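One structure is given here, and the rest of the page talks about it.
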Amino acid sequence: MGEPQYLRYPLLPLAQSVFTLASPYTDKAAKHQSLETLQNAIRENKMAPLYHYLSHPQTGKLNASGEGGSSQSPVSSKASTAGKGQSPFQLLRRTSSINAPSILGVLGGKTDSSVGLPWDEALYKELEEENEKELAAIQKEEDEAVEKSGETEIASVQGKRAEYYAKIGDKEKSLAEFEKLLEKTHILGTRIDIVLAIIRIGLFFDDKVLVKKSIDRAQQLVESGGDWDRRNRLKSYTGLHLLTIRAHNLAAVPLLDSLSTFTSTELCPYSSIVVYATLAGAVALPRRDFKTKVVDAPEIRAVFGSASTEDRLAALSGSVSAGPGAESGVDTPPVSKPGAAVNLTTLGTASSSSAPAVSDEPEIDFTPLATLISSLYAGNYASFFKALATVESDFLSRDRYLYEHKAWYVREMRLKAYSQLLQSYRVVGLESMAQSFGVSVEWLDRDLAPFIAGRRLNCVIDRVKGIIETQRGGGKDGQYNDVVKQGDQLITKLQKYGQVVRLRGSERS
């Protein structure tokens, strides 16, 4: 089907720079660096529409007046959000930013304007003139193609226009042009590439409804005969979208599957997809799958526990997960050094469109993530809590895809650790459990209470005796409780049905 097309734009790292600039959880140094990156990109790519969208004095999203109309948060449950039995459109209700798509929608109106993008009217006019010149040249090229060339050349020029609108950050016009191009294109591979470009535009502007509809469309196209490369790209796109709508149990499978075949560097760096897959797998997978697919995953250990390229290659070949530590069942936290992650699946390949250079990867200290997964599996809960706090501040709070659900994620990971410890004992001392997690008894009592009240934990706290007693489910007691509960619900329904029948009978008489 040929090489993938329309991969370059929009520049998704710029959306992360905008988030860093406006987030209240990033420091001044990061904000100034993001501001410089954003200004350079706007000037270099002549991005007049994006500049107006972000910085205009009245409507700019980086101004308080432009982002003032924050969306209303939908009613969402704090109970389990595993998403079982729910359609993806129902899952969209978990995110407040669904109501008002915006590049800063995940912040919920809580922006920090200490470092802003200044508005320069003269610069905007200059960029706008450059855009008009380029579009006029494209139009001239299209007119010549209509007169002298065939449909292929015309479609190529139209694709150039759609990509140019995506390059300068004009959402509406780029979407309109891509839709026109999609209608006129009959090559399956190119049609998939166009839909993937639309998905990235939706991700750039955080339009989750657009992304969901486009992923469904791309899935239909891929199932009708898409090639291997595009199928794998769609896995990464789907997993990332599911992560943004808090469907981590659905996101874990495509994200983890995409690690060994990742080529979607237009979407995010390889190190980012490793982080996303690890976080999704840690909260969503049961213990056995968590061990095999995350803790011992060669691709993850190649990044988290690598001090040299040789170690990474050994991990990718499986020798790390099959070593003495795996045989003994005892995992020690892998030692990682801050550095750039290498996408080992693309080493030695010559495809410039898919293989990122090591210098393109951000330098990240993966130690907190490595400690998080290893300590959770090994039951070292004090280290787990410390690593979880660091992961929240260093990863969840600084990534635009993870930020919106960071409080939920931290809460669910605490619940997972509590459940893992309690399921091994009938009775646990409250003070002993507090010491295991490195917290006070009072804090643990307050933290456990909502989980117990919401029936997320099957246990009771006896403060007089200072114990936590686990209530085992299943068996005859569990079956008896299920029968009583279901029978009560059936009786209630029959009573309501009887009232309706009597009412209708009286009407007929």
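Computed from a predicted structure; not experimentally measured. FYI, side chains are in, hydrogens and waters are out, and symmetry mates aren't considered; it's all heavy atoms of this structure.
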For a 4.5 angstrom cut-off between non-hydrogen side-chain atoms, does Lys465 reach Val427? no

Using side-chain heavy atoms (C-beta onward) and a distance below 4.5 Å, is Leu54 in contact with Leu38? yes

From Leu259 CG over to Tyr276 OH, what is the distance, rounded to the nearest 0.5 angstrom? 13.0 Å

Looking at Ala197 and Pro10, what are the two nearest heavy atoms and their distance? O-CD, 4.5 Å

Pick from Val283, Leu242, Leu285: which one makes a side chain to side chain contact (heavy atoms under 4.5 Å, CB included) with His248? Val283

Please say which of Tyr425, Tyr381, Phe437 ends up in a ring pair (Phe, Tyr, Trp, His ring centres under 6.0 Å) with Tyr418. Phe437

Could you tell me which non-hydrogen atom of Val441 sits nearest to which non-hydrogen atom of Arg463, and how far apart they are? CG1-NH2, 4.0 Å

Can you check side chain to side chain contact (heavy atoms under 4.5 Å, CB included) on Tyr53 and Ser102, steps first, answer last? CA-CA 10 Å; Tyr53 176 79; Ser102 164; 3.9 Å; yes

Side-chain donor-acceptor contact under 3.5 Å, Asn232 with Thr263: no

Any sub-3.5 Å donor-acceptor pair from Arg400's side-chain atoms to Phe204's backbone N or O? yes

Whether Ser214 side chain and Val211 backbone form a donor-acceptor pair below 3.5 Å: no

Phe366 side chain reached by Thr278 side chain, heavy atoms, under 4.5 Å: no

Please tell me if the side chains of Phe19 and Gln16 come closer than 4.5 Å, counting only heavy atoms from C-beta onward. yes

Can you tell me if Gln420 uses its side chain to pair, donor with acceptor, with the backbone of Leu376 under 3.5 Å? yes

When rounded to the nearest 0.5 angstrom, what distance separates CZ in Arg200 from CG in Leu11? 10.0 Å

Value rounded to 0.5 Å, distance of OG in Ser236 from CG in Asp257: 10.0 Å

With side chains defined as the heavy atoms from C-beta onward, is the minimum distance between Val460 and Gln471 less than 4.5 Å? yes

A side-chain contact here means heavy atoms from C-beta on lying under 4.5 Å apart; do Asp399 and Val275 qualify? no

Can you tell me how far OG1 of Thr20 sits from CG of Leu14, rounded to the nearest 0.5 angstrom? 11.0 Å

Can you give me the closest heavy-atom contact between Ala387 and Pro368, atom names plus distance? CB-O, 3.6 Å

Test the Lys406-Tyr409 pair against the cation-pi criterion, namely NZ or CZ under 6.0 angstrom from the six-membered ring centroid and within 45° of the ring axis. no

Please check this pair: side chain of Thr26 against backbone of Ser23, looking for a donor-acceptor N/O pair closer than 3.5 Å. yes

Shortest non-hydrogen separation from Leu182 to Arg217 and the atoms involved: CD2-NH1, 2.9 Å

Checking the side chain of Glu392 only, and the main-chain atoms of Ala407 only, is there a donor and an acceptor separated by less than 3.5 Å? no

Which distance, rounded to the nearest 0.5 Å, do you find between the CD of Glu431 and the OG of Ser440? 11.0 Å

Hey, does the side chain of Lys212 reach the backbone of Asp207 with a donor-acceptor pair shorter than 3.5 angstrom? no

What's the shortest heavy-atom distance between Ser224 and Leu188, and which atoms? OG-CD1, 3.6 Å

Go through it in stages, so that I can follow the logic: the residues are Ile201 and Phe178, the test is side chain to side chain contact (heavy atoms under 4.5 Å, CB included), and I'd like the CA-CA distance, side-chain angles, deciding distance and then a yes or no. CA-CA 11 Å; Ile201 293 172; Phe178 273 124; 3.9 Å; yes

Say you draw a straight line from CD1 of Ile364 to CZ of Phe304; how long is it, rounded to the nearest 0.5 Å? 9.0 Å

What do the steps show when you test Leu107 against Tyr403 for side chain to side chain contact (heavy atoms under 4.5 Å, CB included), and what is the final call? CA-CA 8 Å; Leu107 293 174; Tyr403 174 87; 3.6 Å; yes

Does atom NZ of Lys293 have more than 12 heavy-atom neighbours from other groups under 6.0 Å away? no

Closest non-hydrogen atoms of Ala417 and Phe384, given as atom of the first, atom of the second and distance, are CB-CE2, 3.6 Å

Side chain to side chain contact (heavy atoms under 4.5 Å, CB included) for Val391 and Leu279? Distances and angles first, verdict last. CA-CA 10 Å; Val391 167; Leu279 292 173; 4.0 Å; yes

Is the shortest side-chain N to carboxylate O distance from Lys208 to Glu404 below 4.0 Å? yes

Take atom CD in Gln219; do more than 12 heavy atoms of anything else shown fall under 6.0 Å from it? yes

With side chains defined as the heavy atoms from C-beta onward, is the minimum distance between Glu412 and Arg456 less than 4.5 Å? yes

Near Arg287 CZ, under 6.0 Å, is it more than 12 heavy atoms from other residues, nucleotides or ligands? yes

Give a yes or no on whether a salt bridge exists between Arg233 and Glu266, defined as a side-chain N under 4.0 angstrom from a carboxylate O. yes

State, with a plain yes or no, whether a side-chain heavy atom of Val106 is found less than 4.5 Å away from one of Thr244. no

